[in-house]
Every structure is written in structure tokens, then in C-alpha cells.
Amino acid sequence: MFTIVSARIDPKNLKCLVCRMTFEELNAAIQKVDKWKKVDVGNFRMDASGNTMQDKVPAHRSAVYISEMIDDICKKMDDYVRVYYKSTGKLAIMQLITKDGSMNPEFSKTKFVTDDDLNKSLEYYCERMFEENEDEITSLYKNRPDDDIMPDAEKEICFNHAQYCEDWMLPNEEDTTWTREMEAEYVRVHGPDPYGFGGVPQQQNMMPEMPDDDGDENEEDIAAEEKDEL
């Protein structure tokens with residue numbers, strides 16, 4: 001049995017997905033930053049000799065640097081689309097095109113959905129998430145351990161502080177399991193999916209071919225003509 005999906009999206013659910021994806025992207029970006037890279041922070045100060053000096057901290061601990069990275073990530077959020085998993089109807093967001101330029105293989109397990117509130121893009125939700133939680137986010141990264149990522153940031157912000165997320169919103173095996181048999185049943189109920197299922201030829205998604213009535217009539221006509229000639 002398949003869930004009939006609705007275009008009405010729960011804003012809290014969408015905020016959760018955007019929040020989680022923001023931190024996933026942020027941690028991936030931070031892993032690429034040279035751990036020895038440092039940036040200036042704080043106010044300029046004068047030393048005993050009258051020379052100006054400024055504190056330096058690792059880039060991935062700087063509030064300004066983290067803010068700039070999140071700003072860049074938010075701008076890329078429109079590369080993601082809202083989808084529902086075909087198997088359960090659970091909301092998700094994912095990139096349609098992967099970084100290597102190919103179709104995301106997970107996309108065939110989902111169905112496009114258009115949000116009723118078209119004025120609020122995923123970039124909008126990302127920016128609002130950061131504005132509402134900026135102090136907590138920058139403080140969390142400023143006081144982070146010495147590793148290059150902050151694995152608990154998503155849990156601390158998306159679940160505990162902002163309380164956008166609940167456990168049921170997270171994708172599970174039931175959501176992401178999609179077989180050829182399930183696709184065939186989905187097509188039978190809903191019609192052919194223009195994006196299809198990975199590896200399933202689109203021809204298999206079409207209705208079975210019906211006998212060619214015209215061809216049968218032609219054969220009967222020919223047989224009748226031959227009988228008349230005799």
C-alpha cells in the first residue's frame with residue numbers, strides 16, 4: 001500500500017531537514033579547511049611598544065568564518081529539491097544532481113513535491129535558521145574540541161536548542177527501501193514515473209501492449225478476398 005502525498009508541507013519538518021543538511025554541508029566544508037589556517041578575531045590592541053596586534057584563532061573556530069561558510073551553504077540550498085519517499089510519504093530534501101554531474105541515484109525512490117508557500121525557498125529557511133540560532137551556533141564552534149568537525153552540532157542545534165527536529169523526521173530503512181516490485185506497483189497505481197526507477201527501462205513502466213486490432217482485421221480481409229477469388 002502506498003501513501004498518497006500532499007503538497008502541504010509541515011514548516012517545522014522542513015526547518016529540521018534544512019537545519020540538518022546545513023550542518024552536514026558545514027562539516028564537509030570544514031574538513032577541507034587546512035587545520036593550521038588562522039584568522040584574526042576580536043578588536044585591535046596595542047602592545048607595550050605601541051604596535052597593533054590582533055588575536056588569531058583556527059579558522060574553523062572563528063564566528064565570522066563559520067558565519068561566512070553558512071552564508072555560502074545557504075546560497076547553495078536551491079540546488080536541493082523537496083521530495084517525498086514513495087514508500088512512506090516521508091518528506092526529505094536532496095540534490096537532484098550529484099557533485100559529479102550525474103542524476104542522484106536516490107532520487108528514483110522519491111517523488112517531487114511543490115511547497116504551497118512558493119515564496120519561501122530552501123535558502124530562505126537556511127538563512128532564518130542561522131539568524132535564529134547564530135549565537136548558539138558560533139559559540140558551539142568556538143568552544144569545539146580540537147577535531148576538524150563538530151559531530152554533535154546538528155543534535156545540539158536542530159534537536160536540543162531550536163527543537164526543529166523529532167526522531168520520526170529522520171529517514172530510516174523503511175523510507176529508503178525501494179525495489180523493482182515496489183516501483184512496478186507504484187506505476188500500476190499512479191502511472192509511469194518520468195524519472196523511473198534506477199535500472200528499470202521506462203518501457204516496463206507503460207501499460208501492456210494490446211493486440212493490434214487493425215492487423216487482425218487486415219488478415220481477415222485478405223482471407224476473405226482470397227476465398228472470393230476462388
Side-chain angles (χ1 to χ4, degrees), residues 6 8-35 37-43 55-85 88-95 106 110 113 115-176:
S6 168
R8 182 175 299 169
I9 293 178
D10 179 1
K12 181 179 178 181
N13 194 349
L14 191 56
K15 286 181 180 180
C16 171
L17 297 172
V18 172
C19 185
R20 295 183 65 235
M21 188 58 64
T22 299
F23 284 107
E24 183 177 318
E25 290 278 4
L26 180 58
N27 281 337
I30 287 175
Q31 284 182 310
K32 298 177 182 178
V33 177
D34 186 344
K35 65 172 56 179
K37 180 177 180 179
K38 293 183 181 292
V39 295
D40 295 326
V41 298
N43 298 320
D55 294 331
K56 290 182 177 291
V57 300
H60 54 263
R61 287 174 179 251
S62 162
V64 174
Y65 192 77
I66 293 297
S67 177
E68 291 175 350
M69 294 185 77
I70 292 181
D71 185 56
D72 289 339
I73 289 169
C74 288
K75 287 181 171 62
K76 297 177 182 177
M77 273 293 156
D78 284 339
D79 293 339
Y80 289 81
V81 293
R82 301 163 175 83
V83 296
Y84 281 118
Y85 284 108
T88 61
K90 183 179 290 184
L91 182 66
I93 60 173
M94 63 176 59
Q95 285 184 305
E106 293 296 301
T110 67
V113 60
D115 195 345
D116 287 341
D117 192 349
L118 298 178
N119 292 322
K120 293 184 179 179
S121 64
L122 296 180
E123 179 181 354
Y124 167 88
Y125 280 104
C126 179
E127 291 172 344
R128 296 293 84 74
M129 182 279 296
F130 184 60
E131 288 178 4
E132 293 169 4
N133 305 282
E134 182 175 3
D135 291 342
E136 289 75 20
I137 293 172
T138 54
S139 176
L140 192 64
Y141 278 83
K142 180 179 178 180
N143 299 298
R144 65 190 301 156
D146 292 332
D147 60 351
D148 289 338
I149 62 172
M150 190 68 183
D152 295 331
E154 172 196 328
K155 188 74 173 178
E156 288 298 321
I157 301 300
C158 305
F159 284 83
N160 298 340
H161 176 71
Q163 296 185 342
Y164 297 142
C165 296
E166 299 176 31
D167 288 339
W168 68 265
M169 297 178 182
L170 305 183
N172 55 41
E173 186 176 358
E174 182 182 4
D175 302 315
T176 59

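Both backbone and side-chain heavy atoms feed into the values below; hydrogens, waters and symmetry mates do not.
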Find out whether [X] and [Y] are in side-chain contact, i.e. whether some heavy atom of one side chain is under 4.5 Å from a heavy atom of the other.
{"X": "Y84", "Y": "I9", "result": "yes"}
{"X": "W168", "Y": "N13", "result": "yes"}
{"X": "L14", "Y": "L122", "result": "yes"}
{"X": "F159", "Y": "E154", "result": "yes"}
{"X": "R20", "Y": "C165", "result": "yes"}
{"X": "F23", "Y": "I137", "result": "yes"}
{"X": "M129", "Y": "K15", "result": "no"}
{"X": "V18", "Y": "M21", "result": "no"}

(message) Using the side chain to side chain contact (heavy atoms under 4.5 Å, CB included) criterion, which residues pair with E136? Sequence neighbours excluded.
(response) N133, I157, H161
(request) Return the set of residues passing side chain to side chain contact (heavy atoms under 4.5 Å, CB included) with K75 (not counting sequence neighbours), or none when no residue passes. (result) D71, E123
(request) Verify, without hydrogens or angle tests, whether N172 (side chain) and D175 (backbone) share a donor-acceptor contact under 3.5 angstrom. (result) yes
(message) Please check: side-chain N/O of S67 versus main-chain N/O of A63, any donor-acceptor pairing under 3.5 Å?
(response) no
(message) Tell me whether the count of non-hydrogen atoms from other residues, nucleotides or ligands lying under 6.0 Å of NZ in K76 goes above 12.
(response) no
Can you give me the closest heavy-atom contact between [X] and [Y], atom names plus distance?
{"X": "C126", "Y": "I70", "result": "SG-O, 4.5 Å"}
{"X": "M77", "Y": "T22", "result": "CE-OG1, 3.7 Å"}
{"X": "Y141", "Y": "L26", "result": "OH-CD2, 3.4 Å"}

(message) Between E174 and K90, does any NZ, NE, NH1 or NH2 come within less than 4.0 Å of an OD or OE carboxylate oxygen?
(response) no
(message) Would the pair C158 and C16 meet an SG-SG distance criterion of under 2.5 Å?
(response) no
